Structures are given as C-alpha cells and as structure tokens.
2 protein chains.
Amino acid sequence: MTRVLVIDDEPQIVRALVINLKARHYEVDAAHDGATALQLAAARQPDVVVLDLGLPDMDGVEVIRGLRGWTRVPILVLSARHSSDEKVEALDAGADDYVTKPFGMDELLARLRAAVRRSEPVPGGEDDVIVDTAEFTVDLAAKKVHRGGRDVRLTPTEWHLLEVLVRNTGRLVSQKQLLQEVWGPSYGTETNYLRVYMAQLRRKLEADPAHPRHFVTEPGMGYRFEK
Amino acid sequence: MTRVLVIDDEPQIVRALVINLKARHYEVDAAHDGATALQLAAARQPDVVVLDLGLPDMDGVEVIRGLRGWTRVPILVLSARHSSDEKVEALDAGADDYVTKPFGMDELLARLRAAVRRSEPVPGGEDDVIVDTAEFTVDLAAKKVHRGGRDVRLTPTEWHLLEVLVRNTGRLVSQKQLLQEVWGPSYGTETNYLRVYMAQLRRKLEADPAHPRHFVTEPGMGYRFEK
DNA sequence: GCCGTCCTTGACGGAACTCTGACGCCGGAG
DNA sequence: CTCCGGCGTCAGAGTTCCGTCAAGGACGGC
C-alpha cells in the first residue's frame with residue numbers, strides 16, 4: 001500500500017486530505033509542524049510527502065532541505081502563496097510539485113498519483129514472476145526455463161502454451177481455451193495441435209515424459225499444470 | 001547538456017521558450033504538431049518534454065500516450081484549460097506536471113529543473129554500470145566497450161541496441177521492443193534491421209560470431225543477452 | 001565538392017519452426 | 001472379443017525466420 005505523509009498545521013485541510021486519501025486506500029500519517037514531520041518521515045518512510053509551506057515552527061523550504069538531505073521521496077508542496085519566487089525557491093530546494101491553495105481535490109490526487117507513479121521502479125524491473133517445480137523453473141518475464149542446471153529452449157508456440165497453463169496453475173484449462181489463446185480465436189477443434197505441442201513440452205520439461213507429473217491430461221476436457 | 005523537446009503550435013510561445021531555454025544552456029528541439037513531436041522524440045531522445053495540449057493534428061493526451069508507450073521521459077504539460085478534469089486526464093495519462101497558461105517563465109523553468117532533477121540517476125546509485133563477460137566489458141555510463149585490451153568502436157545504432165540488451169541481461173527482449181526502443185515507436189516489423197545490426201554486434205564482440213554465446217537468438221521471439 | 005562513416009534495403013541459402021498425416025496404445029462400450 | 005474414440009508419438013513437407021553479403025543513399029567533416 002502507498003504511504004503518504006501529510007504535513008499541515010490547518011486541521012481542516014489535514015482532515016480533508018486524510019479522509020480522501022484513506023478512501024482511496026492510501027496509508028496516511030499526519031504532522032502539524034516541521035519537527036514532527038521530519039521525525040515521522042524518518043520513522044515511517046512514506047512513499048510521498050504532501051507539505052504545506054506555512055508551518056508554525058520552521059520555514060517549509062527548510063523541511064524540504066531536511067528531507068532532501070537523505071531521501072528522494074516525492075514532495076508535493078501546498079501553499080497559499082501564488083508568488084513565482086516562492087514556487088521557484090521550493091522547487092529548487094527539491095520539491096517535486098507545487099499546488100496553490102485553494103486546490104481541487106481531484107487535481108491534487110492526480111498530481112499525487114503522478115508523483116508516486118514516476119518514483120516506482122520500471123515495471124519490467126527485476127521483480128520477475130517465477131514459478132518453481134521439483135524439476136524445473138519458469139520465469140515468465142524473462143521467458144526463461146531452467147532445468148537441471150541449464151536453460152531449456154522453447155519455440156514460440158511452446159512458450160505460449162506453457163504460459164497459458166502456468167498462469168492457470170492447478171486449474172483445468174479446456175482444449176478450446178488453449179487453442180484460442182495460443183492459435184487464435186478462430187481455432188477450437190484442432191486438438192491434434194495440442195497433442196503435438198504438449199508432447200513437446202513434456203519431452204523438454206518432464207523427468208519422465210511418458211508419465212507426466214506436471215502437465216496432466218484430463219481426457220475429453222483439457223490439460224492442467226501442477227507444481 | 002540537457003535536451004528539451006518543445007511541442008506547441010503557437011510560434012510566439014515556442015520562440016519565447018526556445019530563447020529562454022537556450023540562454024540557460026539547454027539544447028532545444030521544437031515541434032508544432034503531434035506527429036512531428038513523436039518522431040522527434042524518438043530520434044532525439046530528449047531529457048524532458050514540454051507539451052502544449054492544444055495541437056492541430058491530434059489530442060495532446062494522445063501524444064502523452066504515444067510517448068509513454070516506450071519512454072519514461074518527464075512530460076511537462078502546458079495548457080490554456082484550467083479545468084480540473086483536463087489536468088487529471090493528462091496527469092493520469094502519464095504527464096509529470098501541468099502548468100496553465102499564462103504561465104510565468106521563472107516558474108516553468110523551475111518546474112522543468114525539478115522534472116529533470118528527479119529523473120536523474122542517483123549519484124551514488126548501486127546500479128552497476130559495468131557489465132562483464134568472459135570476452136568483453138560494457139560500461140554503460142561511459143558508453144565504452146572494452147575487449148581484449150582495447151576499446152571497440154560502435155556506431156550509435158549498435159550502441160543503442162547493445163544498451164537495451166544489456167539493461168535486460170538474461171531476459172528475452174522481443175524484436176518489437178528492440179525496434180521500438182532503438183528505432184522509435186513507429187517501428188515494429190522491420191526485423192531485417194535487427195538482423196543486420198545484431199550481426200554487426202556479434203562480429204565486433206563475440207569470439208565466434210557464427211556461434212554466438214552472448215547474443216542469443218530466440219527464433220520467432222527476439223534476442224537475449226547472456227553474460 | 002569529395003570522402004568516409006553510417007544507415008537502409010534487397011536478395012539468397014540455410015536453419016528453425018509449424019503443420020499434417022499415419023500409426024499404435026489404451027480404456028470403455030457393445 | 002471387437003470396435004471405437006481419445007490420446008501420445010513420430011517423421012516428413014511446407015513455410016517462416018534468420019544470418020550474411022553487397023549495393024545504394026544520407027549525412028557530416030575536411
């Protein structure tokens with residue numbers, strides 16, 4: 001869940017933000033002065049900070065600098081000041097965005113989403129979906145199958161078939177569904193394709209292809225992949 | 001130097017931006033419609049994009065989507081519309097910031113700086129910029145390839161291709177993805193380009209280009225770089 | 001304006017992949 | 001027991017895909 005730190009000394013603004021954020025399933029911490037804010041930021045490691053510049057104890061820009069000393073967490077500044085100088089100062093101190101009050105909640109939330117989004121790691125990052133069995137390992141993102149210390153090469157069709165089965169691990173996948181997902185929507189009766197490629201997969205992946213443990217045939221219905 | 005792509009159909013705004021940006025030592029490209037913009041973005045690889053939503057040929061949000069299909073470059077949207085919906089739509093489509101006209105040049109430049117700053121890699125980042133294999137060494141940051149005691153010369157396209165593959169070490173990269181990342185989003189079927197340049201890379205880097213160990217072909221799917 | 005570098009394009013042989021038909025096995029029904 | 005439908009296996013034909021080469025064109029530097 002995304003964690004937001006709201007820093008503002010006006011209770012009604014904090015309340016409005018907290019309600020709206022929680023309704024959208026954010027986890028929210030709130031601070032009403034700079035010192036508490038810096039402390040909370042360190043303790044709670046938020047994914048994004050919403051900061052009002054007008055705080056009772058210290059200048060908002062100092063809070064930005066305090067955060068930027070050790071973290072690159074996105075900072076979204078709120079302020080009643082419309083002056084260009086203020087904005088420039090805050091942005092150059094390390095803020096990511098600057099919204100003037102009064103602000104629209106929709107807009108603020110959209111800017112928040114944008115800030116969170118770009119701080120996320122690239123979707124094709126190292127978080128690979130890996131499926132493990134006793135005999136082999138499937139990495140769906142890298143399109144890799146590892147077995148007995150070496151990589152197994154699969155043809156496009158074999159991959160596609162394996163992918164559909166693995167995504168439905170433990171579930172029965174009907175022959176029609178397999179044919180349509182791998183060969184296209186106009187297929188559905190060419191069960192011989194399935195027999196050929198299922199045999200291929202078993203030969204490449206099963207310890208004993210004649211007695212498959214992972215690619216199970218359900219006669220008359222379809223196939224099932226089991227870990 | 002930081003490269004900016006300005007997309008706007010109003011000549012006076014483009015002029016003002018170009019003058020101000022160049023004075024601050026940015027490198028600037030300009031496009032006055034969406035199609036040119038997408039093409040330029042692919043060709044010039046800007047570090048940040050300034051996009052006016054009101055374009056003659058296509059919806060600005062479409063331009064955002066077109067860019068986001070293949071790049072995470074920061075996009076700063078300009079618009080005459082103050083409506084909250086417009087902002088939310090643009091931001092959720094993938095824009096990083098939204099500035100309403102008329103805007104102050106100082107503020108815009110500050111937002112630009114903020115956008116560029118946060119897209120910069122972490123100074124002391126742990127991302128190992130150097131990739132080692134048995135035969136050669138790739139230094140992504142220095143854009144250098146070392147092999148057998150000497151530097152290997154690569155053309156821009158060869159380098160770009162190598163970069164995409166190395167950044168996805170071990171993962172299969174589809175031909176479409178390679179084409180789009182190296183040649184631009186409008187490419188996707190010109191697999192002969194890939195064949196030619198993959199051969200170049202192999203000739204320059206593999207010990208035995210006819211039997212590549214590092215640049216592996218996965219027929220019908222794509223290529224994979226292995227250490 | 002010339003030259004070198006780089007990118008694009010087309011053609012071709014060979015390799016890899018998909019499709020297809022034939023055959024045998026097995027279990028259940030008649 | 002025999003027949004039959006569903007499944008697994010195999011190998012060959014046809015097609016697609018890939019590596020390689022060479023020529024033409026665009027671009028920038030001298």
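Chain letters run A, B, ... following the sequence lines, proteins first, then strands; residues in each count from 1. Note that the structure is predicted; figures quoted are calculated from it, not measured. These numbers come from the heavy atoms of this one structure, side chains and all, not from hydrogens, waters or symmetry mates.
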Please check if the number of heavy atoms outside Met58(B) that lie under 6.0 Å from its CE is greater than 12.
yes

Taking atom NZ of Lys101(B) as the centre, report whether more than 12 heavy atoms of other residues, nucleotides or ligands fall under 6.0 Å from it.
yes

DNA chain D: Thr191(A) or Pro219(B), which has the more 5' nearest nucleotide?
Thr191(A)

Which of residues 167-176 of chain A sit near DNA chain D, with a heavy atom under 4.0 Å from it?
Gln175(A)

Ignoring backbone atoms, establish whether [X] has a side-chain N or O less than 4.0 Å from OP1 or OP2 of [N].
{"X": "Trp183(B)", "N": "dT8(C)", "result": "yes"}
{"X": "Thr217(B)", "N": "dG19(D)", "result": "yes"}
{"X": "Thr155(B)", "N": "dT5(C)", "result": "no"}
{"X": "Tyr197(B)", "N": "dC7(C)", "result": "yes"}

Pair Arg111(A)-Asp97(B), side-chain contact (heavy atoms from CB on, under 4.5 Å): steps then yes or no:
CA-CA 7 Å; Arg111(A) 287 185 182 272; Asp97(B) 203 343; 2.7 Å; yes

Below 6.0 angstrom between ring centroids: does that apply to Trp183(A) and Tyr197(A)?
yes

Phe215(B) ring center within less than 6.0 Å of Phe225(B) ring center
yes

Might you point out which heavy atoms bring Asp33(B) and Pro56(B) nearest each other, and give the distance in Å?
CB-CG, 4.1 Å

Which nucleotide in the set dT9(C), dT18(C), dC7(C) lies at the smallest distance from any side-chain heavy atom of Val196(B)?
dT9(C)

Counting side-chain heavy atoms from CB outward, which of dG19(D), dT9(D), dT20(D) is closest to Tyr223(B)?
dG19(D)

May I have the distance from [X] (atom [atom1]) to [N] (atom [atom2]), rounded to whole angstrom?
{"X": "Leu179(B)", "N": "dT8(C)", "atom1": "CG", "atom2": "P", "answer": "11 Å"}
{"X": "Arg203(A)", "N": "dG8(D)", "atom1": "CZ", "atom2": "C1'", "answer": "10 Å"}
{"X": "Leu194(A)", "N": "dG6(D)", "atom1": "CG", "atom2": "C1'", "answer": "13 Å"}
{"X": "His211(A)", "N": "dG8(D)", "atom1": "NE2", "atom2": "P", "answer": "12 Å"}
{"X": "Tyr193(B)", "N": "dG25(D)", "atom1": "OH", "atom2": "C1'", "answer": "12 Å"}
{"X": "Glu206(B)", "N": "dT20(D)", "atom1": "CD", "atom2": "C1'", "answer": "16 Å"}
{"X": "Arg202(A)", "N": "dT9(D)", "atom1": "CZ", "atom2": "P", "answer": "7 Å"}
{"X": "Phe215(B)", "N": "dC18(D)", "atom1": "CZ", "atom2": "C1'", "answer": "17 Å"}

Across the strands shown, which category fits Arg153(A) at heavy-atom distances under 4.0 angstrom: base, sugar-phosphate, nothing?
nothing

5'-most contact on DNA chain C (nearest-nucleotide basis), Arg195(A) vs Gln200(B), goes to Gln200(B)

Return the set of residues passing salt bridge (charged side-chain N to carboxylate O under 4.0 Å, His left out) with Glu163(A) (not counting sequence neighbours), or none when no residue passes.
Arg167(A)

